[in-house]
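Notes to accompany the following structure.
Just so we're on the same page: letters track the sequence lines, and every chain starts at 1.
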Protein chains: 2
Amino acid sequence: MAEKQRRKPGETREKLMSAALTLVGKGRHFASLGIREVTRQAGVVPTSFYRHFRNMDDLGLQLVDELGLVLRRMMREARANVLQADKLIEESVAIFISHAQANRSFFLFMAQGLAGESRAVQEGIRSEMRFFASELANDLRRLRLVDHLTDQDLDMTCDLVVRSVAFSLTDLLGVSADDDYQIDQIRKRTTRFLQLIFVGAAHWQSAG
Amino acid sequence: MAEKQRRKPGETREKLMSAALTLVGKGRHFASLGIREVTRQAGVVPTSFYRHFRNMDDLGLQLVDELGLVLRRMMREARANVLQADKLIEESVAIFISHAQANRSFFLFMAQGLAGESRAVQEGIRSEMRFFASELANDLRRLRLVDHLTDQDLDMTCDLVVRSVAFSLTDLLGVSADDDYQIDQIRKRTTRFLQLIFVGAAHWQSAG
DNA sequence: TGTCCGTGTGTACAAGTGTTCACTAATGTG
DNA sequence: CACATTAGTGAACACTTGTACACACGGACA
């Protein structure tokens, strides 16, 4: 019989979550993962799963929570590194892309979850995106870059920005993780998208 | 023994495809569907599946083909009904929303497939979107609404438009099919997104 | 020191899975 | 009409699946 391994608390839980992410990173869709498959990947007996999660949806929800942390780290880095306003878009997108590469599976999971099977996960990710958009709106206000926009129009703009960036995840998803050329193309395109949106915002008049 | 039912050619094939769509419409994710499940929903014996498809990915690919037809019908209707340029965006979005409601499962499948498990389905849907974007670019050129944009910038604009509209599918996905108020909100928001993008395009200068 | 309790393990089971096979009825083709 | 082809059927296969149960170990705390 295999020895019972005593691990530090929460280790198996983490193993299971990162096992699910690993499978997602290998191209599987989260909705198609099973409990046994995940435990197998984690090197843990199936019954252990229930010590930490009620079912796969539950695991998905906890992954969304961790995704929130990843996104917040990314925001912090962007705030720290994006100093000159004229390169704001370019640098923000670059930071996004580099985080997306460093946490590929996480962002794949995010892209999948937007149209996923679990309503709760879906709502969780949408909620993260709303939060992200509202933080972006705050930052832009603070930098006094959008003084001519009403709050509502600013919110709309940021919403569109976040969506466009999120959509680029599905581009990233299609290219292999080390195809630097393609990834750079995606970065450039996403940058142009945002520039176009901000040109629109600069000339937007609320009544329109 | 149940009678062997002779049906008109291709009927079982259609039954299987629409069975898969039905399940998607009920909130399931395509990637999590199994052959037996689909055949059960179609009221057909599991073995029949192999008469028409090699596996679920194959079925997915054929669904993408049909999705192409749906999209082309939609384009045709938009071209026929959108006459006055000043309401172009508003009416196009309205037509999109109404088609998305009329073919809910199809568009859910599309939203799922963008980050789906099958690389081939993914690429198929992206290809449909590219086609859609290039047709849109042609139309805009023909209407002489974007004379100041280079081809490349016009392509980018249309790409962004198509993405924004596609993303709104994930909004639609979250509200029940008969929640007219919410659907109208989505329609309005999507319309504003496109207006913002076109304001951006109007003031875009290629060198930027 | 003794006793919970959280977390790991192995076994078990019924139900569901993809796929193969041999069989058969209807259809199209000569 | 004879006949090959297509498209339906049921039975069977080896496996996988989710989940329940009883048990074992180690740390926290009395």
Spacing between A:Glu11 atom CD and D:dG26 atom C1', to the nearest angstrom: 15 Å
Distance test, side-chain N/O of B:His52 to OP1/OP2 of D:dG8, below 4.0 Å: yes
Look at all strands and tell whether A:Arg54 reaches a base, only sugar-phosphate, or nothing, counting heavy atoms closer than 4.0 Å. nothing
Of the listed C:dT19, D:dT19, C:dA22, the closest approach to the A:Pro46 side chain comes from D:dT19
Where each residue is assigned the nucleotide of DNA chain D containing its nearest heavy atom, which of A:Thr47 and A:Glu37 is assigned the position nearer the 5′ end? A:Glu37
Report the distance from atom CD of A:Gln41 to atom P of D:dT17, rounded to the nearest whole Å. 13 Å
note: B:Leu16, atom CG; D:dG8, atom C1'; distance rounded to Å ~ 12 Å
Measure from CZ on B:Phe49 to P on C:dG18 and round the result to the nearest Å. 9 Å
Please work out which of the three classes, parallel, tilted or perpendicular, describes the rings of A:Phe167 and B:Phe167, given edges at 30° and 60°. tilted
Between the side chains of A:Asp171 and A:Arg187, is the shortest nitrogen-to-carboxylate-oxygen separation below 4.0 Å, so that they form an ion pair? no
Please confirm whether B:Arg72 makes a cation-pi placement over B:Phe131, using NZ or CZ under 6.0 Å from the six-membered ring centre and within 45° of the ring normal. yes
In whole Å, I'd like the distance from the CD atom of A:Glu14 to the P atom of C:dG8. 12 Å
Give the rounded distance in Å between these two atoms: CG of B:Asp58 and P of C:dG18. 15 Å
Base, sugar-phosphate, or nothing: which does A:Arg40 touch, judged by heavy atoms less than 4.0 Å apart? sugar-phosphate
Is the closest side-chain heavy-atom distance between B:Leu143 and B:Leu88 below 4.5 Å? yes
Does B:Arg36 get its side chain close enough to the base of C:dG16, under 3.5 Å, for a donor-acceptor pair? no
Below the 4.0 Å mark, does D:dT19 have OP1 or OP2 next to a side-chain nitrogen or oxygen of A:Tyr50? yes
In whole angstrom, what separates A:Phe53's CZ from D:dT19's P? 14 Å
A:Arg51 atom CZ is separated from D:dG18 atom C1', nearest whole Å, by 16 Å
Lys/Arg-Asp/Glu bridge criterion (N-O < 4.0 Å) met for B:Asp159, A:Arg189: yes
